[in-house]
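Please read the structure below before turning to the comments.
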Number of protein chains: 2
Amino acid sequence: MVTTEDNNLTDAQNELYAWIKNYMRDFQHSPSIRQMMQAMGLKSPAPIQSRLKHLQEKGYISWQEGKARTLQLVDDLVEGIPIMGSVAAGGLVETFSDVNDNLDISDVLKKKNIFALTVNGDSMIDACIADGDMVLMESINDVYSLRNGTIVSALVPGLGTTLKYYFKRNGKIFLEAANPAYQPIELDPELVIFQGKLVAVWRKV
Amino acid sequence: MVTTEDNNLTDAQNELYAWIKNYMRDFQHSPSIRQMMQAMGLKSPAPIQSRLKHLQEKGYISWQEGKARTLQLVDDLVEGIPIMGSVAAGGLVETFSDVNDNLDISDVLKKKNIFALTVNGDSMIDACIADGDMVLMESINDVYSLRNGTIVSALVPGLGTTLKYYFKRNGKIFLEAANPAYQPIELDPELVIFQGKLVAVWRKV
DNA sequence: TGTATTAGAGTACAAATGTTTCTATGGTAA
DNA sequence: TTACCATAGAAACATTTGTACTCTAATACA
């Protein structure tokens with residue numbers, strides 16, 4: 001019984017569990033035992049049943065007995081993250097409170113016209129958008145809804161895509177960095193293609 | 001055929017679709033036709049078959065023919081967010097590329113010992129953590145694994161919780177802000193309770 | 001009113017699938 | 001080695017389940 005992970009599963013159980021997780025993420029439904037059998041390179045359903053039973057006993061999965069494709073990952077119930085309170089970042093403030101709320105990211109993620117971009121460089125550093133951050137952008141339907149000061153990703157033909165503050169003044173488009181070291185870019189409206197406006201920032205450390 | 005929604009579904013189809021969505025959210029797998037039949041108050045599988053077919057034709061669902069419980073909500077494919085490329089934030093750089101990857105937030109979200117905190121104040125502004133941001137923290141198992149320079153949330157008894165850089169020097173704990181306007185806090189190790197270390201930052205604009 | 005269309009009930013059938021049982025194999029500890 | 005145990009292969013079985021078909025009832029439309 002050699003375990004390579006820090007959990008209490010055997011290699012075979014680990015492999016199966018990981019595969020199930022992937023399958024269910026991709027297809028939104030449970031695989032059948034015979035599918036798992038095939039995926040694990042086995043020729044009999046019995047070993048899969050055994051592994052499933054172990055996974056269940058150890059609290060990783062559950063299913064409805066006798067019903068086809070009714071696996072559940074008991075682990076994956078975490079739809080949100082508990083918000084434990086506030087922290088001070090300037091003086092000391094609040095202590096940990098009870099869970100008042102849940103951080104719900106899904107509302108942003110579930111929108112259809114959302115895409116992500118990786119940030120290169122530091123021109124938006126003063127807007128607290130750093131090199132390596134992921135910015136979640138929402139596609140722009142009509143340019144006229146853009147308000148001055150919005151952070152947008154814009155494609156300047158022949159130059160490339162950039163992340164900047166959007167301003168419109170006197171019929172001209174200004175793309176301004178949030179870093180004084182960079183000069184504003186002035187453009188005619190017809191030369192710019194706005195790809196999206198900023199809805200969220202994600203940074204993994 | 002009166003439709004109450006703004007989509008092109010009949011009432012019956014709408015009801016079924018909503019029920020399926022709920023079921024799949026709750027159980028992480030597809031219901032069977034006979035379950036839907038029962039849930040819709042019907043006594044024959046035929047009407048469900050018909051409604052499913054319509055839902056499929058209109059692009060709401062799909063399934064694997066002949067296979068049990070293999071429904072998929074084509075709408076809900078957004079588990080990740082397509083990463084369309086990079087943006088410059090400093091000079092203009094890259095154009096939109098094809099989707100190279102998917103922004104996967106779930107790996108962080110699915111960890112069990114993750115909690116979130118709301119940031120108050122600007123003492124971490126130079127670390128690009130701004131007022132109002134959500135910081136995702138991972139519980140700290142052993143304090144000794146903490147490395148200098150890690151951003152932690154620490155509870156200083158009698159004062160409160162704060163988000164700071166962690167340093168240990170000469171047996172003393174130093175909690176330093178990422179804003180020169182704030183003085184480092186020097187503490188004895190036994191006076192500090194470390195609640196978590198930073199794993200991600202989430203900002204919704 | 002009569003006809004066409006649609007939805008639902010009922011039934012039957014074949015395929016998919018979970019479950020059980022038995023046997024063989026390989027490794028491990030006494 | 002020998003006994004034991006976990007795992008894999010194999011085969012058979014019962015249930016679940018998707019699918020197809022017919023028939024009836026309700027509804028819409030001319």
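Since the model is a prediction, treat every value here as computed from it, not as a measurement.
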Separation of C:dT6 P from B:Gln13 CD (nearest whole Å) | 12 Å
Nearest-Å distance for atom pair NE2/P, residues A:His54 and D:dA6 = 8 Å
To the nearest angstrom, how far is B:Lys53 atom NZ from C:dG8 atom P?
-> 15 Å
Among D:dT7, C:dT19, D:dT17, the one nearest any side-chain atom of A:Lys67 is D:dT17
Measure the distance from CG on B:Leu71 to C1' on D:dT17 and round it to the nearest whole Å.
-> 12 Å
Closest heavy-atom pair, A:Asp133 versus A:Cys128, reported as atoms and distance to 0.1 Å, is OD2-O, 4.1 Å
Between CD1 of A:Ile33 and P of D:dA8 the distance, given in whole Å, is 14 Å
Whole-Å distance, A:Gln64 CD to D:dT15 P, equals 18 Å
At their closest point, which heavy atom of B:Met124 faces which heavy atom of B:Glu176, and how far apart are they?
-> SD-O, 4.4 Å
Separation of C:dG8 C1' from B:Glu15 CD (nearest whole Å) = 15 Å
Do you know the tightest heavy-atom contact between A:Gly132 and A:Thr118?
-> O-CG2, 4.5 Å
OP1 or OP2 of D:dT7 less than 4.0 angstrom from a side-chain nitrogen or oxygen of A:Arg51, does that happen here?
-> no
Phosphate OP1/OP2 of D:dT19: any B:Trp63 side-chain N/O under 4.0 Å | yes
Distance under 6.0 Å and angle within 45° of ring axis: B:Arg169 vs B:Phe174 | yes
Kindly give the heavy-atom pair with the smallest separation between A:Ala127 and A:Tyr165, and that separation in Å.
-> CB-OH, 3.4 Å
Measure the distance from CZ on A:Arg69 to P on C:dA15 and round it to the nearest whole Å.
-> 17 Å
N/O-N/O pairs, protein side and nucleotides 9-11 of chain C side, under 3.5 Å:
unit_1: C:dA9; atom_1: OP2; unit_2: B:Lys43; atom_2: N; d: 3.1
unit_1: C:dA9; atom_1: N7; unit_2: B:Ser44; atom_2: OG; d: 3.1
unit_1: C:dG10; atom_1: N7; unit_2: B:Ser44; atom_2: OG; d: 3.1

Check whether any side-chain heavy atom of B:Leu16 lies under 4.5 Å from a side-chain heavy atom of B:Met36, and answer yes or no.
-> yes
B:Lys21 and B:Leu73: which non-hydrogen atoms are nearest, and at how many Å?
-> CG-CD1, 3.6 Å
